Structure formats: structure tokens, C-alpha cells
Colleague: 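Next up is a structure, given as C-alpha cells.
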There are 2 protein chains.
Amino acid sequence: MGKQMTEMLKGTLEGIVLALLTGKAAYGYEITTLLREQGFTEIAEGTVYALLVRIEQKGLVDVEKRPSEKGPPRKVYTLNTQGEKELNEFWNTWSFLSERLEQLRKEGK
Amino acid sequence: MGKQMTEMLKGTLEGIVLALLTGKAAYGYEITTLLREQGFTEIAEGTVYALLVRIEQKGLVDVEKRPSEKGPPRKVYTLNTQGEKELNEFWNTWSFLSERLEQLRKEGK
DNA sequence: ACCGGTACCTAGTTCTACTATGTAGTGGTA
DNA sequence: TACCACTACATAGTAGAACTAGGTACCGGT
């Protein structure tokens, strides 16, 4: 992963994962695959699991263990009310930053 | 500063400062003021100075000391060729991330 | 003599992504 | 049987960047 991207993902990756969970529960391995399909090809698997532990401890998601046909049991994450609230704040923060940056880019700065 | 914003600024603040320096040299105190005017009201002064040290050590800016009428001498930073290259890469990284996020938001995810 | 504004600097803390590695279950195949 | 690939989760240690919380210094006005 490029260093710039690594740094830029700090703070946004969590929002991205919360967004992925909107309307659709998912488990860690699946989320990693989804992220890679969306272009984040170099996301480290360990990064995703650590993030999931974090958002679970923050109480943003509910967790359920389900057996898998193909390996160890999956931990399925569902966005809860607090998670939705956090995601909302994330979009607000993102919008603010995004607008400032587009402004700067427009100014040719 | 909100925690979300603090994390999200990681990686982007450097780009923002490089962008501010495009076409106009500036010194630290001035950059801090500029950032606050642009809405980053809670940027810590120390953060800016640390960042300036970093981009100087990375060779992205040239530095010149100029006397001030109002206080200690100013350290004026000018974007150099390498800095412009870095800024370019920053915009590329930003564009990628920005597009992915807008996509996610559009999908209502 | 003091204070506010200008101007710069830094040691230590916190948070997040990465590196590197380990553990397990399942199915296929040599 | 032994091995390997894929699925699936987990974590200890590292690096990098912004913040906290100070400090130094120069100038003008009261």
C-alpha cells in the first residue's frame, strides 16, 4: 500500500466499513473481499479484523456467530443504532473535509 | 477537535498545507491562520510546526528566514519541484478515495 | 514592568493501519 | 495418509501523524 493511502485511510476506513454494513450484515473475511473488490486491493487482512474488534468494543455493531460450510465459524457483524449514528457523523465530517479539499483544488492551490 | 476529524486529517493535512503553498510562499504562523480561516478552527499550532519540519526534511519545500516587523524572524516555506510532485500524487490518492466514498454514499450504504 | 499578539519549537501521548505470524476447519489430490 | 489451498479469525509489535501541554523569544502599548 502506498504510504499516502495508508495515512489517508486512517479515520476513513472505519467509515467505509460501517457504510458497507449498511443494510447488509457481513463477516470479516467477506468484508476484506468486498474492500478488495472495491479497489482497496492492498488492505491487510489483519487491519480489517482489528477494526472489527474496535467497532464492536465501541458498540457500533452487533455480532452473531454462524457456522460456515467451508471453514471455521463466521462472526457476522450488523450495524446497530449507535453505528448508524456514528456513520452519520462520519459522513458529516467527510463532507466538510471533502468540500474544503475540492475548494483548494479548484483554486489551483 | 472531534476525534473523527483528527483521524481523518492524518494524511490529508499534509496535502492541504502543500496545496496552500501552491503559488504562494508562506510561514508557519500564517499557515496556521489560513487553516483556521478555511474552517479548520481547531488545528493545533504545534501540529502545523511539526508538519512543516517533516515536509522540510522530506525535501518538499525550500525555506528562507525573513525578519518580521512584529516578532521573531519568520521561516518562509516555498513549494519546490519535489513538493509539486508529491502534491500531484496526493491529489491522485485523494481522488481515488473520494470516488470510492461518493460511490458508497450514493448506494445508500 | 507587564501583557497581548506575533512567531517558532518539542517531548510525550493517543490512535490507527501495517507487518508478520499463528490457529483452525474443510475439501481435494497425490 | 499426508499435504495443500482456501476459508476464517486473531494478535503482538511497529510506524506514522495529529494532539496535549508546555516552553522560548521579539515587539509595542499601557
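Everything numeric here is computed off the predicted structure, so don't read it as measured data. So that the names make sense, note that chain A is the first sequence line, chain B the second, and so on, each numbered from 1.
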Colleague: Determine whether A:Tyr29 and A:Tyr49 satisfy the following criterion, ring pair (Phe, Tyr, Trp, His ring centres under 6.0 Å), listing intermediate values before the conclusion.
Modeller: CA-CA 8 Å; A:Tyr29 192 80; A:Tyr49 287 109; 8.0 Å; no
Colleague: Can you find an N or O donor on one side and an acceptor on the other, under 3.5 Å apart, linking the side chain of A:Lys10 with the base of D:dG16?
Modeller: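 Indeed, a donor on one side and an acceptor on the other fall under 3.5 Å apart.
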Colleague: Could you tell me how far apart B:Gln57 (CD) and C:dT10 (C1') are, to the nearest whole angstrom?
Modeller: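 In whole Å, C:dT10 C1' and B:Gln57 CD are 13 Å from each other.
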Colleague: Thinking salt bridges, do B:Lys75 and B:Glu56 make one under a 4.0 Å N-O criterion?
Modeller: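 So B:Lys75 pairs with B:Glu56 through a salt bridge.
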Colleague: Can you identify which nucleotide, out of C:dA7, D:dA17, D:dT7, has its nearest atom closest to the A:Lys70 side chain?
Modeller: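 Nearest to the side-chain atoms of A:Lys70, counting from C-beta on, is D:dT7.
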Colleague: Closer to the 5' end of DNA chain C via nearest nucleotide, is it A:Lys58 or A:Glu69?
Modeller: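 The residue closer to the strand's 5' end, by nearest nucleotide, is A:Lys58.
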Colleague: Are OP1 or OP2 of C:dC8 and a side-chain N or O of B:Tyr49 less than 4.0 angstrom apart?
Modeller: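 It does, given that an N or O in the side chain of B:Tyr49 lies less than 4.0 Å from OP1 or OP2 of C:dC8.
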Colleague: Measuring to OP1 and OP2 of D:dC9, would you say a side-chain N or O of A:Tyr29 lies under 4.0 angstrom away?
Modeller: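 Looking at the OP1 and OP2 atoms of D:dC9, neither is under 4.0 Å from any side-chain N or O of A:Tyr29.
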Colleague: Specify the separation, in whole Å, of atom CD1 of A:Ile16 and atom P of C:dA17.
Modeller: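 Result: 9 Å.
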Colleague: When the distance from CG of A:Leu97 to C1' of D:dA18 is rounded to whole Å, what number comes out?
Modeller: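 Going from CG in A:Leu97 over to C1' in D:dA18 covers 14 Å.
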Colleague: Toward the 5' end of DNA chain D, which comes first, B:Arg54 or B:Glu45, by nearest nucleotide?
Modeller: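 Whichever sits nearer the 5' end wins; that is B:Arg54.
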Colleague: Please report the distance, rounded to the nearest Å, between CD in A:Glu42 and C1' in C:dT19.
Modeller: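 Rounding to the nearest Å, CD of A:Glu42 and C1' of C:dT19 are 14 Å apart.
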Colleague: Return the value, rounded to whole Å, for the distance between atom CD of A:Glu14 and atom P of C:dA17.
Modeller: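 Whole-Å distance recorded here is 7 Å.
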Colleague: Within the 4.5 Å heavy-atom criterion, are B:Phe90 and A:Gln4 side-chain neighbours or not?
Modeller: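 They are in contact (side-chain heavy atoms under 4.5 Å apart), so the answer is yes.
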Colleague: B:Tyr27 has an atom OH; how far is it from atom P of D:dC26, in whole Å?
Modeller: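 Atom OH in B:Tyr27 sits about 18 Å away from atom P in D:dC26.
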Colleague: Look at the side chain of B:Arg74 and decide which nucleotide, out of C:dT19, D:dA10, C:dA7, has an atom nearest to it.
Modeller: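 For B:Arg74, the side-chain atoms sit closest to C:dA7.
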Colleague: Using OP1 and OP2 only, check whether a side-chain N or O of A:Lys75 sits under 4.0 Å from D:dA10.
Modeller: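 For A:Lys75, the contact criterion (side-chain N or O under 4.0 Å from OP1 or OP2 of D:dA10) is met.
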Colleague: Under 4.0 Å, heavy atoms only, any strand: does A:Leu13 hit a base, just the sugar-phosphate, or nothing?
Modeller: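 Since only primed, P, OP1 and OP2 atoms lie under 4.0 Å of A:Leu13, the category is sugar-phosphate.
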Colleague: Contact class for B:Glu30 vs. all strands (heavy atom < 4.0 Å): base, sugar-phosphate, or nothing?
Modeller: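 Touches nothing.
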Colleague: For A:Gly28, is there any backbone N or O sitting under 3.5 Å from a side-chain donor or acceptor partner on A:Thr32?
Modeller: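 Side chain of A:Thr32 to backbone of A:Gly28: a pair is present.
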Colleague: Among the nucleotides C:dA7, C:dT19, D:dA8, which one has an atom lying closest to any side-chain atom of A:Ala44?
Modeller: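 Nearest to the side chain of A:Ala44 among the choices is C:dT19.
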Colleague: Identify whether any heavy atom of B:Gly46 sits under 4.0 Å from a base atom; if not, whether one sits that close to sugar-phosphate; answer base, sugar-phosphate or nothing.
Modeller: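 Base contact - B:Gly46 has a heavy atom under 4.0 Å of at least one base atom.
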Colleague: Hey, which of these two, A:Pro72 or A:Thr47, hits DNA chain C nearer its 5' end, going by closest nucleotide?
Modeller: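 Closest to the 5' end, via its nearest nucleotide, is A:Thr47.
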Colleague: Looking only at non-hydrogen atoms, find the nearest pair between A:Glu64 and A:Arg66 and report the distance.
Modeller: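 Result for this residue pair: OE1-NH2, 3.3 Å.
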Colleague: Do the side chains of A:Met8 and B:Lys10 get nearer than 4.5 Å, heavy atoms only?
Modeller: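 No, side chains not in contact.
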Colleague: Nearest-Å distance, CD (B:Glu7) to C1' (C:dT13)?
Modeller: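 These atoms are roughly 13 Å apart.
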Colleague: Using whole Å, report how far CD1 of B:Ile43 lies from C1' of D:dA17.
Modeller: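 It works out to 12 Å between those atoms.
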Colleague: Heavy-atom nearest nucleotide on DNA chain D for A:Lys65 versus B:Ser68: which residue maps closer to 5'?
Modeller: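 This one resolves to A:Lys65.
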